[in-house]
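So the structure is just underneath, and the comments pick up after that.
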Amino acid sequence: MQKELATLSKKLAKAFNTNSLIAPLPSKFCKNTKNANLLRVASEKLIKSPVIGFKAGGTGKAMLKKWKEKEPFYASIFKKNLVKTNSKVKLSKNTFGIELEVFYFLKKNVLESKSKITEKNIGRYIDGMGPCIELVGYRQRKKGVSCLGDLTADFGCNVKFIIGKKQKYKKLKFNNLPTTLFNKKSGQTVNGNTKAVYDSPLKSLVWLVNRARKDKVTINKNFYVFTGSTVGVVPILKKGLFEGQIKSLGTVKTTVQ
């Protein structure tokens, strides 16, 4: 098991660094969430790009129930995969969708807190927030998602994060903010709501921070947390300009080439 884990993590890391694809992972590293997480951690350790934050994935409660999972997963986000609004991004070989979500920018000492983080006290650690578009896809020649481990094992399936303007944190009705993602060229429009994200992006944030603390994760600078999609995984029907809007948080744009 350990030898196979080492071999697969090296293959995944190489695919991540070179934007290439490998054969589908063995099912035991996807169907078993614990094994998927072990592979994720082993692969992330082989990436030289600095970690700038984390993403929560599988935050839709209906999907978690369908897959008989008790909680979402999280994955590290690397500097090479983060760009600002209005950036142009290339569609990778196996990108299967685009998402719209809320990001928070946290003070690094939140992971050192001796007290449990809650929705009531998390505000003292939030240094900013805003809208984000995420491109999601595999580093494998694989189609479809059948379980949480499919997403977890392959770097959380994160391909690129495009962040909108960061604003000062303020208390909002994070459990009920309307959202819209649309492509001006194709006319494709998808409406969503922040309540689709584990009931609330703030709740997703709190879960991720406490899970990372439990796993003794450390980071030496302030960091981003991407909380999960408000619109599900939206297929990219056509390339072009995508614009995401989250009420009270603003707009984020990217041109998919």
Side-chain angles (χ1 to χ4, degrees), residues 49-60 72-87 89 97-111 117 119 122-136 151 155-181 190 192-212 217 219 221-234 242-254:
S49 179
V51 173
I52 51 85
F54 309 93
K55 70 168 277 184
T59 53
F73 71 90
Y74 73 92
S76 297
I77 304 304
F78 299 92
K79 186 177 181 179
K80 64 173 286 188
N81 284 351
L82 182 73
V83 296
K84 293 183 178 181
T85 188
N86 294 314
S87 295
V89 295
I98 189 168
E99 301 179 346
L100 175 63
E101 52 199 275
V102 176
F103 78 82
Y104 296 97
F105 192 63
L106 298 189
K107 298 174 183 177
K108 63 181 181 180
N109 62 344
V110 68
L111 295 177
I117 302 301
E119 290 182 52
I122 187 71
R124 72 183 70 161
Y125 298 104
I126 301 177
D127 205 35
M129 61 184 185
C132 170
I133 286 176
E134 178 186 358
L135 295 185
V136 292
L151 303 173
F155 292 96
C157 283
N158 65 78
V159 173
K160 192 71 73 176
F161 290 85
I162 304 93
I163 56 172
K165 183 178 179 181
K166 183 171 62 177
Q167 60 176 268
K168 186 176 179 181
Y169 174 69
K170 57 186 175 182
K171 292 183 179 180
L172 299 172
K173 291 184 178 180
F174 288 107
N175 62 345
N176 191 24
L177 298 177
T179 70
T180 302
L181 178 66
V190 179
N193 194 290
T194 52
K195 64 185 177 183
V197 184
Y198 211 50
D199 292 336
S200 160
L202 198 65
K203 183 178 178 181
S204 174
L205 170 66
V206 169
W207 170 83
L208 188 150
V209 169
N210 283 319
R211 172 54 63 182
V217 171
I219 192 165
K221 55 187 174 182
N222 295 351
F223 61 96
Y224 293 93
V225 170
F226 304 93
T227 54
S229 183
T230 66
V231 293
V233 180
V234 179
F242 281 85
E243 181 173 321
Q245 300 175 349
I246 300 180
K247 184 179 180 181
S248 302
L249 282 179
T251 300
V252 57
K253 300 178 182 180
T254 187

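None of Ile126, Thr227, Val197 except one satisfies the side-chain contact (heavy atoms from CB on, under 4.5 Å) rule with Leu202; the exception is Ile126. Of the listed residues (Asn86, Ile98, Thr254, Asn81), just one forms a side-chain contact (heavy atoms from CB on, under 4.5 Å) with Ile162, and that residue is Thr254. Residue Asn193 is tested with Asn176, Thr230, Thr179 for a side chain to side chain donor-acceptor pair (under 3.5 Å); the sole match is Asn176.
Distance check: Lys221 NZ to Lys108 NZ gives 10.5 Å after rounding to the nearest 0.5 Å. Considering CG of Leu100 and CD of Glu134, their distance stands at 10.5 Å, rounded to 0.5 Å. From Leu208, atom CG reaches atom CZ of Phe54 across 7.5 Å, with rounding to the nearest 0.5 Å. Separating the CG atom in Leu82 from the CD1 atom in Ile52 is a distance of 4.5 Å, to the nearest 0.5 Å. Atom CG of Leu205 is separated from atom OG1 of Thr59 by 12.0 Å, given to the nearest 0.5 angstrom. With rounding to the nearest 0.5 Å, the separation of CZ in Phe226 from CD1 in Ile133 is 12.5 Å.
The closest side-chain heavy-atom distance from Thr85 to Lys165 is not below 4.5 Å. Counting heavy atoms from C-beta on, the side chains of Val136 and Val159 never come closer than 4.5 Å. Between Phe103 and Val225 there is no side-chain heavy-atom pair separated by less than 4.5 Å. Two residues are said to be in side-chain contact when any heavy atoms from C-beta on lie closer than 4.5 Å; Tyr125 and Tyr104 fail this criterion. Looking at heavy atoms from C-beta onward, Met129 lies in side-chain contact with Lys170 at the 4.5 angstrom threshold.
Within a 6.0 Å sphere centred on NZ of Lys80, other residues, nucleotides and ligands contribute more than 12 heavy atoms.
In this structure, Phe105 and Tyr224 have tilted ring planes: the angle between them lies in the 30° to 60° band.
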Show, in sequence, the C-alpha distance, side-chain angles and deciding distance for Val110 and Ile122, and conclude whether the side chain to side chain contact (heavy atoms under 4.5 Å, CB included) test is met. CA-CA 8 Å; Val110 68; Ile122 187 71; 4.3 Å; yes
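Under the salt bridge (Lys or Arg N to Asp or Glu O under 4.0 Å) criterion, Lys203 pairs with Asp199, sequence neighbours left out.
The two residues Tyr74 and Ala212 have their closest heavy-atom pair at OH-CA, 4.0 Å. Shortest non-hydrogen contact noted between Leu135 and Val89 is CD1-CG2, 3.7 Å. The minimum heavy-atom distance linking Ser200 with Phe174 is given by the pair OG-CB, 3.5 Å. Shortest non-hydrogen contact noted between Gly58 and Pro72 is O-CB, 3.7 Å. The two residues Gly156 and Phe73 have their closest heavy-atom pair at CA-CE1, 3.6 Å. Of all heavy-atom pairs between Asn158 and Ala75, the closest is ND2-CB, 4.5 Å.
No salt bridge links Lys55 with Glu101; every basic N to acidic carboxylate O contact stays at or beyond 4.0 Å.
Side chain of Gln167 to backbone of Leu249: a donor-acceptor contact under 3.5 angstrom is found.
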